[in-house]
Amino acid sequence: MKPTDTQFMQFPRDFLWGAATSAYQIEGAADIDGRGPSIWDTFSRTPGKTRNGETGDIACEHYFRYENDIKLMSDLGLSGYRFSLSWSRVQPDGKGTWNEKGWDFYDRLVDELLEHGIRPFATLFHWDLPQTLQQEGGLTNRVVADYFANYAAQAVHRLGDRLASLATLNEPWCSAVLGHEQGKFAPGLRDTKLAYQAAHTLLLMHGKAIQAMRGTLASLPLGIVLNQAPIHTATNSEADRQQAAIDYALFVQWYMDPIFNGCYPTLGLETLGKNAPHYNENDFGLISQPIDFLGINYYTRGWTSTSKPPIQPPAPYGVNDMGWETYPEGLTELLFELQAKYKLPPIYITENGMAVADQCIDGRVTDTPRINFVQHHLQALNHAMQRGLDVRGYFYWSLFDNYEWDSGYDKRFGLIHVDYTTQQRTLKDSALWYRDFIAKARLGIPLET
Ligand code: FCB
């Protein structure tokens with residue numbers, strides 16, 4: 001299948017159509033109502049770490065504007081909204097005292113969503129570790145898993161009866177590797193051994209939180225969100241194929257194998273050698289507890305080239321404003337690969353989207369490339385579903401333009417344009433397209449693309 005071919009798609013009528021965000025990227029109100037700092041506050045306020053020194057201090061002011069933002073979601077006809085809780089807003093030090101004003105915010109947010117018929121899909125940790133815990137070694141210290149389990153149980157206690165689901169972590173690969181090996185993300189370290197120790201703590205956080213949350217409210221669907229991709233090689237050489245296997249082991253299997261098979265992949269352990277993490281064998285019992293859903297974030301395929309200089313991917317469908325290649329069939333391929341290797345629970349595509357250098361001219365944003373991107377990825381998804389993949393929902397990343405981490409406010413992923421000087425929201429053409437698409441899909445009309 002070529003994503004450009006005309007074809008019909010049909011999704012189940014109760015398929016979940018949503019959009020996603022995360023706390024630090026949209027809330028702002030960084031020092032308001034008792035919120036404590038997270039490692040992203042520290043990192044972004046350190047000169048030289050982010051584009052133009054931009055921070056999430058103000059972001060989209062969603063903390064103050066959430067009612068209007070939910071109204072916009074409702075106008076689009078979204079049936080679900082994926083967001084994350086800021087741990088340091090509800091527990092400023094990541095342990096000890098709860099911040100009631102922080103919990104109040106999420107209480108109001110969840111109630112407002114429900115009043116608009118939008119199902120709340122929450123995530124506990126989208127990279128913003130409370131800064132106080134960083135002083136104790138952060139993710140490299142396994143005691144953080146105990147603090148996290150305590151926070152997770154409290155979140156279920158406070159909000160669980162009203163949530164559609166709760167995910168433990170978003171993209172642990174990013175926290176571990178981008179944060180501790182590449183220094184690109186908070187806390188900005190460059191040490192492979194620490195990165196894999198952090199990855200292990202993250203897995204342990206997931207396992208301990210699942211255990212604690214099940215004990216609090218057994219009926220709440222629980223899962224985790226992983227960023228994944230098939231890895232392709234530039235050539236068919238032995239060197240490229242071997243390297244691609246290693247890349248796949250450290251990117252996909254390093255998280256999937258512990259969760260679904262209760263062990264690390266041998267190739268990953270061999271490759272890491274002395275940089276492999278310390279762990280106890282019985283950690284895997286916790287990490288591999290059953291989960292109710294797997295969230296997959298898919299943006300582009302992985303690409304391996306051992307040539308010098310490396311051969312670049314051909315990018316037949318172009319690259320986005322982040323420089324990421326558009327490659328819709330990679331989503332189908334990834335899902336088939338996972339289905340062949342693991343016993344999967346139901347899947348949600350929890351993020352998929354593209355950055356475009358959008359401009360709002362006379363109140364209109366003509367983001368045709370984004371419409372094509374979503375259409376082609378939905379085709380790819382539908383293709384996998386027609387061949388047996390149990391996928392329950394799709395969340396576009398992101399609901400609105402927001403703080404794109406080290407890229408600051410320069411990269412726009414939203415369906416909704418945000419003018420950061422006025423906080424004015426404008427529905428882009430893609431938002432209007434998505435609204436109409438959802439309406440038809442709900443009626444069970446086959447969708448021609
Ligand atoms: C994902 C992140 C999300 C956003 C998108 C573009 O890796 O989960 O916060 O930055 O990429």
Side-chain angles (χ1 to χ4, degrees), residues 124-125 127 129 137-146 148-149 152 167-182 185 189-211 222-231 233 241-291 293-298 302 304 334-345 347:
L124 288 167
F125 182 72
W127 310 346
L129 188 78
L139 294 174
T140 64
N141 181 350
R142 57 186 280 141
V143 76
V144 167
D146 295 315
F148 185 69
T168 51
L169 312 176
N170 177 73
E171 302 188 352
W173 178 87
C174 292
S175 302
V177 174
L178 299 182
H180 296 74
E181 187 179 39
Q182 297 184 13
F185 280 7
L189 305 179
R190 289 173 199 271
D191 182 320
T192 303
K193 176 124 186 107
L194 289 182
Y196 284 88
Q197 204 57 56
H200 189 72
T201 305
L202 284 154
L203 287 164
L204 202 56
M205 284 162 70
H206 163 75
K208 288 201 171 184
I210 295 282
Q211 186 184 49
L222 303 175
I224 186 167
V225 172
L226 303 175
N227 50 321
Q228 300 192 334
I231 312 265
T233 53
R241 283 189 285 120
Q242 266 179 18
Q243 187 57 46
I246 290 173
D247 292 348
Y248 191 76
L250 294 179
F251 186 56
V252 174
Q253 295 171 290
W254 196 258
Y255 304 90
M256 288 294 282
D257 284 16
I259 293 169
F260 292 102
N261 299 339
C263 60
Y264 281 126
T266 314
L267 179 60
L269 285 171
E270 282 170 10
T271 306
L272 290 175
K274 62 177 182 20
N275 288 327
H278 299 291
Y279 55 86
N280 305 332
E281 269 311 320
N282 48 13
D283 290 347
F284 291 113
L286 280 165
I287 296 168
S288 63
Q289 288 170 84
I291 52 176
F293 71 93
L294 171 66
I296 294 178
N297 294 352
Y298 176 77
T304 298
L334 170 73
L335 291 170
F336 285 159
E337 246 172 43
L338 296 178
Q339 190 185 37
K341 288 206 180 88
Y342 303 97
K343 202 174 166 328
L344 298 174
I347 288 171

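The ring-ring contact (aromatic ring centres under 6.0 Å, His included) search around F293 returns Y348, not counting sequence neighbours. Applying the side chain to side chain contact (heavy atoms under 4.5 Å, CB included) test to I291 and every residue at least two apart in sequence or in another chain returns H206, I210, I224, I259, F260, P345. Under the rule for a ring-ring contact (aromatic ring centres under 6.0 Å, His included), the partners of Y298 that lie at least two apart in sequence or sit in another chain are H377.
Between the OG1 atom of T140 and the NE2 atom of H278 there is a distance of 11.0 Å, given to the nearest 0.5 Å. Atoms CD1 and CD1, on I296 and I347 in that order, are 4.0 Å from each other to the nearest 0.5 Å. Once rounded to the nearest 0.5 Å, the distance linking CG of L189 with CG of L194 reads 6.5 Å. Interatomic distance, S288 OG to D257 CG, rounded to the nearest 0.5 Å: 11.5 Å. Note that CG of L204 is 5.0 Å distant from CZ of R142, once rounded to the nearest 0.5 Å.
Here the closest non-hydrogen pair linking K193 and A276 is NZ-O, 2.8 Å.
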Please determine whether side chain to side chain contact (heavy atoms under 4.5 Å, CB included) holds for the pair L169 and L124, giving the CA-CA distance in whole Å, both sets of side-chain angles, and the decisive distance to 0.1 Å. CA-CA 6 Å; L169 312 176; L124 288 167; over 6 Å; no
Margin query: Does L294 form a side chain to side chain contact (heavy atoms under 4.5 Å, CB included) with M256? I'd like the steps, not just the answer.
Written below: CA-CA 10 Å; L294 171 66; M256 288 294 282; 3.9 Å; yes
Apply the test side chain to side chain contact (heavy atoms under 4.5 Å, CB included) to residues V252 and L338: give CA-CA distance (whole Å), side-chain angles for both, the deciding distance (0.1 Å), then the verdict.
-> CA-CA 9 Å; V252 174; L338 296 178; 4.1 Å; yes
Which atom pairs, one a donor and one an acceptor, fall under 3.5 Å between side chains of residues 241-251 and the rest of the protein, sequence neighbours left out?
unit_1	atom_1	unit_2	atom_2	d
R241	NE	N236	O	3.1
R241	NE	N236	OD1	3.4
R241	NH2	E238	OE1	3.3
Q242	NE2	E238	OE2	3.2
Q243	NE2	D247	OD1	2.9
D247	OD2	T304	OG1	2.8
Y248	OH	E337	OE1	2.9

Using residues 170-177 as the side-chain source, report each donor-acceptor pair under 3.5 Å to any protein atom, sequence neighbours left out, with the distance given to one decimal.
unit_1	atom_1	unit_2	atom_2	d
N170	OD1	R82	NH2	2.8
N170	OD1	N297	ND2	3.2
N170	ND2	H126	ND1	3.4
N170	ND2	H126	NE2	3.0
E171	OE2	N297	ND2	2.8

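In this structure, the side chains of T201 and F148 stay at 4.5 Å or more apart for every pair of heavy atoms. Inter-residue side-chain proximity for Y255 and L202 is flagged as unmet; no heavy-atom pair is nearer than 4.5 Å. A heavy-atom distance below 4.5 Å is found between the side chains of Q289 and Q211. Looking at heavy atoms from C-beta onward, N261 lies out of side-chain contact with K341 at the 4.5 angstrom threshold. Within the 4.5 Å cutoff, the side chain of V144 has heavy atoms near those of the M205 side chain.
Judged by distance alone, the side chain of N280 and the main-chain N or O of N282 form no donor-acceptor pair under 3.5 Å.
Ring geometry for Y196 against W254 counts as perpendicular: the plane angle is over 60°, on a 0 to 90° scale with 30° as the lower cut.
The side chain to side chain donor-acceptor pair (under 3.5 Å) pairs that include a residue from residues 263-276 are H200-Y264, where partners are two or more places apart or lie in different chains.
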